Amino acid sequence: MISLQNQIVLVTGASSGIGTACAKVFAGAGAKLILAARRLERLQQLADNLNKEFGTATHLLQLDVRDRPAVESVIANLPPDWSNIDILINNAGLSRGLDKLHEGDFQDWEEMIDTNIKGLLYLTRYVVPGMVNRGRGHVVNIGSIAGHQTYPGGNVYCATKAAVKAISEGLKQDLLGTPVRITSVDPGMVETEFSEVRFHGDAERAKRVYQDVKPLTPDDIADVILFCTTRSPHVNINEVILMPVDQASATLVHRHN
Ligand code: NDP
Ligand code: 8X3
């Protein structure tokens, strides 16, 4: 197991759910954190809490990962103490809608494609060259079971996560011959703000997704990411698929009612 003490970890989508949980787990392990998301006030609150609890040093980035020039600029202009990123957690992502493809909303599609695929690519493109030059680094992409199985209404969201799977596999191949590691962590149902975002703020509909079932928690995912990033340097965990015991596939969920 390798130590994360003083390693620099960049977490996208740190303002909620899995990203926030990653920030806490990596702070507890002694890492220094670059926290990125659009909602800066949430990042500020998180950074204050981590500083109080663990004395964590943080650097905050108010960033929309869809904005390529902004991604390029924040990475290029990191203060020298923060520029040698050891671990990139490409977590920022979202689903929008559960419409049939032929009735789908173009704006929903574009938001998912621009965030889940292009945003992840931009971060990877601007951060990984430094890792290759320094001869150390680990990229963790958050995929989904949706990248392995398409479900009704999932169409474009599933396509974006299938793209994340292909990008993770491609990056692994392209990094062959370097010590940089790449892992895809692909969860099933995790209770976060994900469903509320998918249903455009319809909290009642979002609540029904997790009703009478014990979903994964964001901490469960952060725990797996911590495991993957602390293996011996010669070990690369390529892909982890995890789901709740109450779930067997994207559509097969056992409800206790
Ligand atoms: P949340 O909605 O709780 O968190 C999503 C995070 O992504 C927020 O911090 C949000 O920050 C950030 N984000 C969204 N769009 C952008 C953007 N354009 N630029 C920067 N940050 C952005 O959902 P989860 O924690 O569940 O989602 C995290 C990842 O996990 C996503 O990639 C999702 O697809 C994946 N996933 C989730 C599962 C689940 O069941 N919950 C299962 C499998 C995978 P802000 O709005 O402040 O910018
Ligand atoms: C999130 C899990 O099954 O809602 O990626 O697509 S699912």
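Here the structure is a predicted model, which means the values were calculated and not measured. When a residue number appears, it is its place in the shown sequence, counting from 1.
- At a threshold of 4.5 Å between side-chain heavy atoms, the hydrophobic network of Ile, Leu, Val, Met, Phe, Trp and Tyr places Leu35 and Leu4 in one connected group.
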Please test Asn51 against Asn49 for side chain to side chain donor-acceptor pair (under 3.5 Å), starting from the C-alpha separation and ending with a verdict. CA-CA 5 Å; Asn51 184 259; Asn49 292 343; over 6 Å; no

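- Here the closest non-hydrogen pair linking Val253 and Met189 is CG2-CE, 4.0 Å.
- Across all their heavy atoms, Ile221 and Val185 have their closest contact at CG2-CG1, 4.0 Å.
- Distance CG/Leu175 to CD/Gln173: 10.5 Å, rounded to 0.5 Å.
- Side chains of Glu239 and Ser168 form no contact here, defined as non-hydrogen atoms less than 4.5 Å apart.
- Using a 4.5 Å cut-off on side-chain heavy atoms (C-beta onward), Leu123 and Val71 make contact.
- Each of His200, Arg96, Arg198 was checked for a side-chain hydrogen bond (donor to acceptor under 3.5 Å, both in side chains) with Asp108, and the lone residue meeting it is His200.
- At a threshold of 4.5 Å between non-hydrogen side-chain atoms, the residues Leu33 and Phe54 do not count as touching.
- Around atom CZ of Arg39, more than 12 heavy atoms belonging to other residues, nucleotides or ligands sit under 6.0 Å away.
- One N or O on the side chain of Thr183 and one on the backbone of Ile237 form a donor-acceptor pair closer than 3.5 Å.
- Under a hydrophobic-cluster definition in which Ile, Leu, Val, Met, Phe, Trp and Tyr are linked whenever side-chain heavy atoms come within less than 4.5 Å, directly or via other members, Leu43 and Leu61 are assigned to different clusters.
- Atom NE2 of His138 sits about 9.0 Å away from atom CD1 of Ile89, to the nearest 0.5 Å.
- If you take CZ on Phe106 and CD1 on Ile113, they are separated by 11.0 Å, rounding to the nearest 0.5 Å.
- Between Gln247 and Ile145 there is a side-chain heavy-atom pair separated by less than 4.5 Å.
- One hydrophobic cluster holds both Ile85 and Ile182 under the rule that ILVMFWY side chains link at heavy-atom gaps under 4.5 Å.
- Considering only heavy atoms from C-beta on, Ser16 stays 4.5 Å or farther from Val197 through its side chain.
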List the steps, then state whether salt bridge (Lys or Arg N to Asp or Glu O under 4.0 Å) holds for Arg208 with Glu204. CA-CA 7 Å; Arg208 285 201 293 277; Glu204 278 311 306; 5.1 Å; no

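- Separation of the Tyr210 and Phe194 ring centroids does not fall under the 6.0 Å cut-off.
- Here the side chains of Leu10 and Ile87 are not in contact, with every heavy-atom distance at 4.5 Å or above.
- Leu120 is listed as a side-chain neighbour of Val164, based on a closest heavy-atom distance under 4.5 Å.
- Taking CG of Leu78 as the start and CD1 of Ile34 as the end, the distance is 5.0 Å to the nearest 0.5 Å.
- Of the inter-residue distances, the one linking Asp48 atom CG with Glu53 atom CD reads 13.0 Å to the nearest 0.5 angstrom.
- Both Leu101 and Tyr157 are part of a single hydrophobic cluster, where members link through side-chain heavy atoms under 4.5 Å apart.
- Rounded to the nearest 0.5 angstrom, Ile225 CD1 and Ile18 CD1 are separated by 7.0 Å.
- Side-chain N or O atoms of Thr115 include none that pairs as donor or acceptor with a backbone N or O of Met112 at under 3.5 Å.
- The hydrophobic clustering, which links ILVMFWY residues whose side-chain heavy atoms are closer than 4.5 Å, places Leu216 and Leu252 apart.
- At least one side-chain heavy atom of Arg181 sits less than 4.5 Å from a side-chain heavy atom of Arg231.
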